Each structure stands twice: as C-alpha cells, then as structure tokens.
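Presented below is the structure to which this report refers.
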Amino acid sequence: DTEVTQTPKHLVMGMTNKKSLKCEQHMGHRAMYWYKQKAKKPPELMFVYSYEKLSINESVPSRFSPECPNSSLLNLHLHALQPEDSALYLCASSQESSGLAGLSYNEQFFGPGTRLTVL
Amino acid sequence: DQQVKQNSPSLSVQEGRISILNCDYTNSMFDYFLWYKKYPAEGPTFLISISSIKDKNEDGRFTVFLNKSAKHLSLHIVPSQPGDSAVYFCAASGSSNTGKLIFGQGTTLQVKP
C-alpha cells in the first residue's frame, strides 16, 4: 500500500463551525505533514509530526490544531476559520523527517488533498 | 525571500520532443532535491530526486541534473507525452531544516499532440 488517503475530499464550513480533516497512511512512515496550498502557489508547510510528536509548527494560527493519534493517522482540527483559510489542504508522509536513516529521507508522499471552503 | 525559484511559469513543447524544466536555489545548505508533478485537484506526485553527492539521476524518461556550483537543477523529460501535461514543482531540503521541503513556484508544462 503506497497511498496516503485524505477525507473528506471537499468541505464547506462556516466561520463558527468545528470540523476535522483526516489523513491515513499504511506505509510504515514515521513522519507526517500538513500543507496548505492556495491556487497557483506551491504547497506551504504547516506542521510536521515525527514519531507521533509535533516537531515543526510553522507559526500556524491556533484555529488550526493538529493531532497524531497513532503512527498511521493524522488529523487537523479546524475551528473559527476565516474565509482566507479556504485552500487545498494536503497531507504527506515520509520514512522519517531527520534523514539519519540515510534513505530518501525527504521523499514525501502526498494525499489527494481536501478542498476547504470557508464561508 | 524565495529560496527555490522556478523562473518559467509555463512551458509548451511538442509531443516526442524534450521538455526541460529549470530550478534555481539560493541556500547552499540544501542537499536533497526533488521534483513533483501535480494535476489539478490532486496532491503532488513524487517523480524523481537527487542527492547533492550526485550530479545526475535517471529514471526512465525522466532525468534530473544538478549543478551545485551554479545552484541549479533541471528536469529533462524525453520523449514528452501529452499525459505529462501538469504543473511541475521543484523542492529542496537540507539536513539543517529537518522535515521541511521548500517548494518552487511551479512550472506548467503543456505537451501538444
């Protein structure tokens, strides 16, 4: 299984709603990532989890709250979002994030994304 | 400050010919480089990578060249096929920025039949 899955595929929410995005991988990867991508822009890193611990938070507003319940799952909890948060949210995973294994350590595999619209 | 730059927003080539996509970087600490392909409404798909200890890596129709002194890499696609039409992102990382991929702005490739 070389796939990263994300649910839902599309999400429309109001500014007062609470919702969650889910990501799952079964490749045994120990690093998982959340990215945000706006139209015609490159993906921007939001969070990195390494061995189920948050290792990087790219100064993301607290209305985005990541959670890594286990090594295969990654959630992104959303609350009180703004219309400018509308974007494609991408999850990715890799063998690990530090490169110490000497492998293709940053070969990240991406999911299909969740298209989020905040009204 | 853009550390990874793809200066050509778009490229159009004829089917069967070579496509050359270029990428420049400014951070000399980058030691691993990747190319991703992205179709609309999908996540990026990993294509090929290269470590800074090499200057060339080949996988089928795709070859990546790295010129460390010029801080430049390129992706060659030979022969180009209409199915290659997509946005191509160059990305870079270094052991000093663990877990972070820095992406370029992307180049939209159109391969005409």
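Given the structure is predicted, the values throughout are model-derived calculations rather than measurements. Lettering follows sequence order; numbering is per chain, from 1. When reading the values below, keep in mind they use all heavy atoms of this one structure, side chains included, and skip hydrogens, waters and symmetry mates.
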> Taking all atoms of both residues into account, what is the closest heavy-atom pair of A:E107 and B:L34, and its distance?
Replying inline: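 Of all heavy-atom pairs spanning A:E107 and B:L34, the closest is CA-CD2, 3.7 Å.
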
> Between atom NZ of A:K41 and atom CZ of B:F103, what is the distance when rounded to the nearest 0.5 Å?
Replying inline: 15.0 Å

>> Taking side chain as everything from C-beta outward and backbone as N, CA, C, O, which of these in A:E44 sits under 4.5 Å from a heavy atom of chain B? Side chain, backbone, both or neither.
In response: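 It is neither, since no heavy atom gets under 4.5 Å.
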
>> I'd like to verify something: which residue of A:Q37, A:K40, A:R115 has the highest number of heavy-atom pairs under 4.5 Å with chain B?
In response: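 With the most close heavy-atom pairs to chain B, the winner is A:Q37.
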
> With respect to chain B, which residue among A:G113, A:G111, A:P43 yields the maximal number of heavy-atom pairs within a distance under 4.5 Å?
Replying inline: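 Of the options given, most contacts go to A:P43.
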
Any link between [X] and [Y] through a network of hydrophobic side chains (Ile, Leu, Val, Met, Phe, Trp, Tyr) touching at under 4.5 Å?
X	Y	value
A:L90	A:I56	yes
B:V13	B:I77	yes
B:L47	B:I20	no
B:L11	B:I18	no

> If we only count heavy atoms from C-beta on, is the B:E42 to A:F110 side-chain gap below 4.5 Å?
Replying inline: no

> Hey, does B:L101 have a side-chain heavy atom less than 4.5 Å from the side chain of A:Y33?
Replying inline: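 No, their side chains stay 4.5 Å or more apart.
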
>> Other residues, nucleotides and ligands only: do more than 12 of their heavy atoms fall within 6.0 Å of CZ on B:R61?
In response: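 Yes, the 6.0 Å shell around CZ holds more than 12 heavy atoms from other groups.
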
> Is it the case that more than 12 heavy atoms not belonging to A:K19 sit under 6.0 Å from its NZ atom?
Replying inline: no

